[in-house]
Structure formats: C-alpha cells, structure tokens
Amino acid sequence: MSELDAIRVRFPDGAEEAFPKSTPAGSALQRWNAEASKSALAASWDGVPVDLAFPLPSDGDLAPLTFEDRAGRDILEHSSAHLVAKGLVESIPGALPTHGPPTEEGFFYDFDVRPLTPSDLDSVRAAMDRSVRAREPFVRRELSRLDAEILFANNPYKLRYIAEAPPDEPVSVYDTGTFTDLCRGPHVPNTGWLEGVHVLGFSAITQEDSGAAPLQRIRGVGFPTRAQLDQYLKMRTEAEARDHRIFGTKLDLFSFEDAAPGFPFWHPRGMVVIHELEKFVREHLDEAGYEEIRTPLLFAQSVYETSGHWEHYRENMFLTVVEGRTFGWKPMNCPGSMLIFRSRARSYRELPMRLAEFAPLHRNEASGTLHGLTRVREFIQDDAHIFLAEDQVEAEVRTLLAWIARAFATFRLEWNVELSTRPAHFLGEKETWDRAEAILEHVLKSTQTKYRLAPGEGAFYGPKIDIHIRDSLGRSWQTGTIQVDYQIPIRFDLEYQGPDGQLHRPVVVHRTILGSWERFLGVLLEHVAGRLPPWLAPIQVRVLPVTDRHSGASIGLVEELRAARVRSELAGADESIAKRVRTAEVDRVPWVVVLGDKEVAEGSVSLRVRGARETRSYSRAEFISYATDRVRRREFDP
RNA sequence: GCCGCCAUAGCUCAGUCGGUAGAGCGGCUGAUUUGUAAUCAGCAGGUCGGGAGUUCGAUUCUCUCUGGCGGCUCCA
C-alpha cells in the first residue's frame, strides 16, 4: 500500500494500526480485536457514532459501540424503530412515518395514520419477524437535498426535517429492504441484529400547538438477543404483580368507587399506615421548629385571584356556588398560610416562620390521568410554607435537602433530583429568578447532589428542586419539592418589620418531603411488594396458638403486645399451623409468633420473621423489647 | 381531556356460535385441634357496569353513558 492511501487508526487499548483508506470501520475493529468487537453494533469514530460499514477516511480514533454503551443502546433501539416503521408501512400502505427516536427505556415511532387496532400490531409484529429472519441490511445513501425532497415528496414531516437539517451536510437515508427512511444514522448492519425487539403497545399522541389530528405512537423495547428480551419481559410481569392497586385490595388498605373516581377510600388498615407516615414527618417538624396550622378547605374566588390560582390553575379546581358566591376547593395550601402570616404585623424575630399544614387538597385532574394512589383528585401533602428573609433562604434549602435524603433513606428508596428553572411565562423580575435559581443550584452543587437540569420546567412563580421516585414499572413520579417563591409574598402583600425599623418583603419556600401520603405510599408499596417495614405495617404481630389449649396464653400475649403499643392480633386454631403461617405471609405480617405446649410452659415464643424459613425462640419480654425496639428505630426489615 | 383496549360473585378468571351462568380463593356453618407457606364437607353470594336499540328472546349483537387499564398531556 502506498503511503498516500494508508491511514493510522488508534484503538481504545492504545494500539495503533495502519489500514488502507476507506477500510470499513467493522473490518478494522475485527483485525484489532475480534473478541472485543464481536458484540459491536456500530463504531465510534473520533467520538462520533458511525456504521460498521463506514469507510474510514483519515487518521483517527476507533472504538466498538455495544449495547452496554448508552450510544450503542440508542443505535439498536433506533434501528428497532426503523424496523417497526418498515412493518407498519408494509401493513398499512399510505401510513406516513414521522419520527422514531430511542428513549430512556426503549423507543417509539410516531405515524400519521388512521387510528390503530390490536390486529394492526399483530401485522406489524409479523412483518418485523419476516424482516429479522431475512437479515435485511441497513444501507446508507447520501443524497442531495433536491433528491431527498423528491424521495419524500409525499411526506410533509420528512420534508420538514430535510428543511431543518444543517445546510452544509448531505442528507442521508437508510434503505431496509424496500423501506427507505430519512435518517442521520448510524444503524446496526442488518435486521438480523434485531431479534430481541418487542412491540409493547400503541397510543394516540396529541400534537402540541396545532389542531392537527393525533399521531399514532408505537412503543417498543430492543435487546441484542431474544434471551435478554425474555428476561426483560419476565421482569415486567413480576413488576406488574407488584402494582400497588393490587395491594390496596389484598391488604385491605384502600379502595375506589365508580361514584367517586380518583377519590381514595382509606380503610382502617390503610389509615394505620397513613398515621405512621404522619408521625414520621411530624417528628421532623418538631426537631426543626415547625408549627402546624389548619385553614379552610374552601375559599372565595377573590382569594384565588390574589394567589394567581384563578388565572393559572382554575381548570384544575373544583368550584361550588354558595348563595350566588363562587368558592373553590383549595388545590394547594399556600393561600391559607399566606393569610395567617398576614393576619397581624410580623417581626424579623419571627423568621424563619415555618407553617405546616396537612389538609386534604382537591384537584380536578383530567380523568385519563388518574392512576391508583399515584394520581388522585383528593390527597394530603406533608406540606409547609416557610417565610424567610432572603439571606435565610440558602441555609433553609440546605436543611430541607438533608431531610429529604434522610427521609428517603429510611424507606430505602432511590430518588432523583431535578432543578426546574424559569418557564417561558413567568411572574416577576428576571433578576429575582436568577437569584433564586442560583441559590438552588449552589446548594445542589455544594452538597454534591446529582441532579438533572429541567430548563423551563419551573412553576410560574419560582424555580424548584423536585424529587422523583419510580414505580415498579419504571414510571417516574414527583414527590418531594422545594420551591422558592418571590411572587406570592408580593401578591398577598406580605411584610415584616426588620431590625432597621423598615418593612421588608419575605421570601416564601413551599416544600414537601414525602410529597403526598397517597402517592408516596403507592410507590412505596410497589417497592416493597406490599411488605411494609414493621413500623408501617398495619398488623405487626400475628399470634398463632398451636391448639385451643394455647388460646388463653395467646390472648394474653396479644394483650401484652398491645399494651406495649405493638399492633397484634390472634389467629385462632381452626386451621392448621401451616395454613395460618402461609396466610400471615400472604398478608405480609412482619412477625408471626407460635405458642404451643413448650412455649406456654417456658413463657417463651417461637418467632418466625416475614420471609424467613427458620424460627427463633425468645422469652416473651425479649420478643416484646425486640419488636418495640425495631419499630421505634424504624428498621426497614422485620 | 385525547387514542386504543377492557368491564361476568368480595378477589382472580372460565363460559354462553342469542335461550338469563360456573370454578378456585375469600366469606359463613359444621367437623377437625393441628408445631411453621394451603385439613375436609356443606351453604350463601351474580337484574353478567348503567341506559337505550335490534330480536319471540340480549350477559352475548349495535349505540350511548359510567368506570378501569396502557400511553399522550399534566402533576404531589
């Protein structure tokens, strides 16, 4: 090979090799390290993802991209989206593909097409299978803009993408069999690599800011192998079995009625859990100098006009007319807190003033968004409003973030933080927003909190730090929130007198820790598959007499436990021990205690801990102190 | 709210090519008195989500309303 035609390629391990110019990336990787390149879906050329068929043009760095890399995963999912599009266009001629990106957990492709039906999906799946078996190559072509516009003349969506593409780059398309899609690439070499692709479902997508008909979205997931897909589907099935709505019924915690959609009915056992969560949060309140208040559930319209809800939130409010006057059920606690602050003159000595309120809130959520306990129309937040001088805000936010970390660790929940900044439509001055955002960002950075920036996602009155947790199917739900608000004090004309004798405007921090009891418990139930930590369990101990001879002693033990504030109950001897143990396990009771001849004689108990196969022997006093101790310390495991 | 799907006993589900229904679990009663994940038997329980239409006849077909599920949007 002549010096002119040779290029030097550097690989991830530092090795360097010479290749003829235009050697395909895949071939170069093979020669470098066949083993490491076996699972390569594509390659990275100087950090840019390229096809394995990409002809290497010059000296540079080359690395394999596999499913384990985020970029590689995106490529497989993106190729999967193409495969779905190919399947749909084959099944429904005239369907117009719009776009089909990879997502955090799979991919989707949106189509301009008549509403889909389940049998359409069957056809799509069949067409996809055929293509995978045929191992149809993804072939890249680069076209002039004009040729591309001719090729996609009947697809306005693609024409728009062509128009929006950078003008100095050629437009690329990929052919897969008879299907051609506008695409920047790269892709896997052929559809044979997509054996682990699965279509999950379809739905209509409202096209924002246009009155156009909804698009049809097909969602799916993609894995490199059929086995990995099967494993994923198995995980999904198991996750579905952990749905909190199932435990509402099985554990007799809560229910819903058709006549009150989105309004939970809390059963006695559910109330026990809610009360324990309240106690948990109230301990925090006492430690940190909060005071609790109670304000009306209904306010006249004028209050909401002052707070801004009438303008910004009326759609979501329940209204009621009394003697010709319109009242609204409060969707948030802020108005009541503001009115209490304003009820008399305030001094700087009272700040920070922390007013907590656990009141039922009503929000008229759109019917299609309701979802078990995680999206309801009536709920209680562990809410508080903190009135501060501006120089007190940062320390307060810092304290709140530390609390949130502690609280969520108690439940062994993983949580994600988002910093939501100024939205397009905002109240107030840009400068105060910048200050507020700077404070939040500084706290997050200085505490080394990992967070995602959500530009423009802030509330209309201020930026916020949001805490998100995921349910068993990976859906993310917002729970805790810390919002810095410069606007509501202006709206309610709040003032305090400072040490300088002048009147000053306070800043308000709206915040929740767990969010709402409803949503938090919903997600928690899924996390623990109904096995609540003992301190939250509605029944903590079930006492099983071996025979009726042991009932007296068992009743005595239940009474002793109750006197020690351990929630316990008796399971009579009508059924076999094995059956009663099984039932207790199904009922998620943390501790099962069996009393027979031996135990009655010794004054001991035979303890079976939830989930364990073996039993332990304790004296009654030992067991009671063991149980009360673990409950008091809020241990996660029984 | 939008698109699609679904709705049979308290729960999970079967069934009726149109002739008003069945199982398991749960509940109740009785027998059993059991040593750590299901003892046995009997009984009760359903205007087959509501309304309208087609039909001699509708739980079954059609329309509509309500609710639920999966997404979209929105949010604690």
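Proteins get letters first, then strands, A, B, ... in listed order; numbering begins at 1 in each. Since the model is a prediction, treat every value here as computed from it, not as a measurement.
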Chemist: Do A/R519 and B/C75 share a donor-acceptor pair, side chain to base, under 3.5 Å?
Modeler: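 Answer is yes: a donor-acceptor pair is held.
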Chemist: Name the closest nucleotide to the A/I205 side chain, picking from B/C72, B/A76, B/G70.
Modeler: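 Of the options given, the side chain of A/I205 lies nearest B/C72.
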Chemist: Assess, by modelled atom type and distance only, whether the side chains of A/R616 and A/Y618 contain a donor and an acceptor separated by less than 3.5 Å.
Modeler: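 There is such a pair (donor and acceptor under 3.5 Å, judged by atom type) between the side chains of A/R616 and A/Y618.
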Chemist: With a 3.5 Å cut-off and no angle check, do the side chains of A/K330 and A/T295 form a donor-acceptor pair?
Modeler: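 The criterion, which ignores hydrogens and geometry beyond distance, is satisfied for A/T295 and A/K330.
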Chemist: Quote, to the nearest angstrom, the C1' distance that separates B/C48 from B/U20.
Modeler: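 To the nearest whole Å, 9 Å.
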Chemist: Say you pick atom C1' in B/C17 and the same atom in B/A31; how far apart are they, in whole Å?
Modeler: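 Nearest-Å result for B/C17 against B/A31 at atom C1': 46 Å.
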Chemist: Whole angstrom is fine here: how far is it from CG in A/N316 over to P in B/G1?
Modeler: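 Answer to the nearest Å: 12 Å.
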Chemist: Which atoms of nucleotides 2-10 of chain B (N or O only) lie under 3.5 Å from a protein N or O atom, and what are those distances?
Modeler:
none

Chemist: Taking the side chain of A/D597 as heavy atoms from C-beta outward, which of B/A76, B/G68, B/G35 is closest to it?
Modeler: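 Closest nucleotide among those given: B/G35.
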Chemist: Would you mind reading off the distance between A/F111 atom CZ and B/C72 atom P, rounded to a whole angstrom?
Modeler: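 Rounded to whole Å, this separation is 16 Å.
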Chemist: Mapping A/T512 and A/A366 onto RNA chain B by nearest heavy atom, which one lands closer to the 5' end?
Modeler: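 Result: A/A366.
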Chemist: Does the side chain of A/E518 pick up a donor-acceptor pair with the side chain of A/T374 at under 3.5 Å?
Modeler: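 No, no side-chain donor-acceptor pair sits under 3.5 Å.
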Chemist: Hey, which of A/T481, A/T479, A/N416 is the one that makes side-chain contact (heavy atoms from CB on, under 4.5 Å) with A/D466?
Modeler: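 Only one of A/T481, A/T479, A/N416 forms a side-chain contact (heavy atoms from CB on, under 4.5 Å) with A/D466, namely A/T481.
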Chemist: For A/R217, which contact category applies under a 4.0 Å heavy-atom criterion: base, sugar-phosphate, or nothing?
Modeler: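 Sugar-phosphate, backbone atoms only, no base.
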Chemist: Let me know the distance between CD1 of A/I218 and P of B/G71, rounded to the nearest Å.
Modeler: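 In whole Å, B/G71 P and A/I218 CD1 are 16 Å from each other.
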Chemist: For B/A76 and B/C5, measure between their C1' atoms and round to the nearest Å.
Modeler: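 The answer is 28 Å between these two C1' atoms.
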Chemist: Have a look at A/L200 and say if it touches a base, only the backbone sugar-phosphate, or nothing, with a 4.0 Å heavy-atom cut-off.
Modeler: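 No contact.
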Chemist: Provide the distance between the two P atoms, one in B/G46 and one in B/U36, to the nearest whole Å.
Modeler: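 Rounded to whole Å, the distance is 40 Å.
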Chemist: Could you verify whether a donor N or O on one side chain and an acceptor N or O on the other, from A/N333 and A/D383, lie under 3.5 Å apart?
Modeler: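 Side-chain D/A pair, A/N333 to A/D383: present.
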Chemist: Tell me: CG of A/D587 to C1' of B/G26, nearest whole Å?
Modeler: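 Going from CG in A/D587 over to C1' in B/G26 covers 11 Å.
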Chemist: Going by atom types alone, do A/S255 and A/H267 pair a side-chain donor with an acceptor below 3.5 Å?
Modeler: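 A/S255 vs A/H267: donor-acceptor pair found between side chains.
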Chemist: Establish, from distance only, whether the side-chain atoms of A/Q483 and A/Y461 form a donor-acceptor pair under 3.5 Å.
Modeler: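 Side chains of A/Q483 and A/Y461: pair found under 3.5 Å.
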Chemist: Report which part of the nucleic acid A/R245 touches: base, sugar-phosphate, or nothing (heavy-atom distance under 4.0 Å, all strands).
Modeler: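 Sugar-phosphate, no base atom in range.
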Chemist: Please check if any side-chain donor atom of A/E457 sits under 3.5 Å from a side-chain acceptor atom of A/S420, or the reverse.
Modeler: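 The criterion, which ignores hydrogens and geometry beyond distance, is not satisfied for A/S420 and A/E457.
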Chemist: When you check the phosphate oxygens OP1 and OP2 of B/G70, does a side-chain N or O of A/H371 lie under 4.0 Å from one of them?
Modeler: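 Indeed, a polar side-chain atom of A/H371 lies that close.
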Chemist: Looking at A/Y109 versus A/F111, is the centre-to-centre ring distance below 6.0 Å?
Modeler: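 Here the rings of A/F111 and A/Y109 have centres that are less than 6.0 Å from each other.
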Chemist: Are A/R219 and A/F108 in a cation-pi contact, defined as NZ or CZ under 6.0 Å from the six-membered ring centre and within 45° of the axis?
Modeler: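 No; the conditions do not both hold, so A/R219 does not lie above the ring face of A/F108.
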Chemist: Classify A/G201 by what it touches in the nucleic acid, base, sugar-phosphate, or nothing, heavy-atom distance under 4.0 Å.
Modeler: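 The residue A/G201 makes no contact with any strand.
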Chemist: Once Watson-Crick and G-U wobble pairs under 3.5 Å are found, how is RNA chain B written in dot-bracket notation, 5' to 3', with | for any base paired to another strand?
Modeler: (((((((..((((.....[..)))).(((((.......))))).....(((((..]....))))))))))))....
Chemist: Which whole-number value in Å describes the distance from A/F108 CZ to B/C72 P?
Modeler: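 Distance check: A/F108 CZ to B/C72 P gives 9 Å.
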Chemist: Please state the C1' separation for the pair B/G19 and B/A58 - nearest whole angstrom.
Modeler: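 Here B/G19 and B/A58 have their C1' atoms 10 Å from each other.
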Chemist: Only one of A/H527, A/H371, A/H468 clears ring-ring contact (aromatic ring centres under 6.0 Å, His included) with A/W477; which?
Modeler: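 The option that passes is A/H371.
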Chemist: Using atom NE2 of A/H267 as one end and atom C1' of B/C11 as the other, report the distance to the nearest whole Å.
Modeler: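 Result: 13 Å.
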Chemist: With respect to the phosphate group of B/C75, does any side-chain polar atom (N or O) of A/Q478 fall under 4.0 Å of OP1 or OP2?
Modeler: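 No.
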Chemist: Would you confirm whether A/R519, through its side chain, and A/Q478, through its main-chain N or O, come within 3.5 Å as a donor-acceptor pair?
Modeler: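 Checked: pair present.
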Chemist: Report yes or no: is there a donor-acceptor pair, N or O only, under 3.5 Å between the side chain of A/D548 and the base of B/U33?
Modeler: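 Present.
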Chemist: Write down the distance separating the C1' atoms in B/U39 and B/U32, rounded off to the nearest Å.
Modeler: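 My reading of the C1' atoms in B/U39 and B/U32 gives 7 Å.
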Chemist: With rounding to the closest Å, how many angstrom separate the C1' atoms on B/C69 and B/G51?
Modeler: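 After rounding to an integer number of Å, I get 24 Å for this pair.
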Chemist: Distance between the P atoms of B/U16 and B/C65, in whole angstroms?
Modeler: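 After rounding to an integer number of Å, I get 29 Å for this pair.
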Chemist: Mind calculating the distance between CZ (A/F256) and P (B/C11) to the nearest angstrom?
Modeler: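 Whole-Å distance recorded here is 15 Å.
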Chemist: Under 6.0 Å from the ring centre and within 45 degrees of the ring axis: does the NZ or CZ of A/R160 meet both conditions for the six-membered ring of A/Y157?
Modeler: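 Because its charged atom misses either the 6.0 Å distance or the 45° angle limit, A/R160 does not stack over A/Y157.
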Chemist: Taking atom P of B/U73 as reference, at what distance in whole Å does atom CZ of A/R475 sit?
Modeler: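 These atoms are roughly 14 Å apart.
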Chemist: Would you please say whether a donor-acceptor pair under 3.5 Å links the side chains of A/H385 and A/D485?
Modeler: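 No, no side-chain donor-acceptor contact under 3.5 Å.
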Chemist: Using a cut-off of 4.0 Å between protein heavy atoms and nucleotide atoms, how would you tag nucleotides 36-41 of chain B 5' to 3' with B, S and -?
Modeler: BBBB--
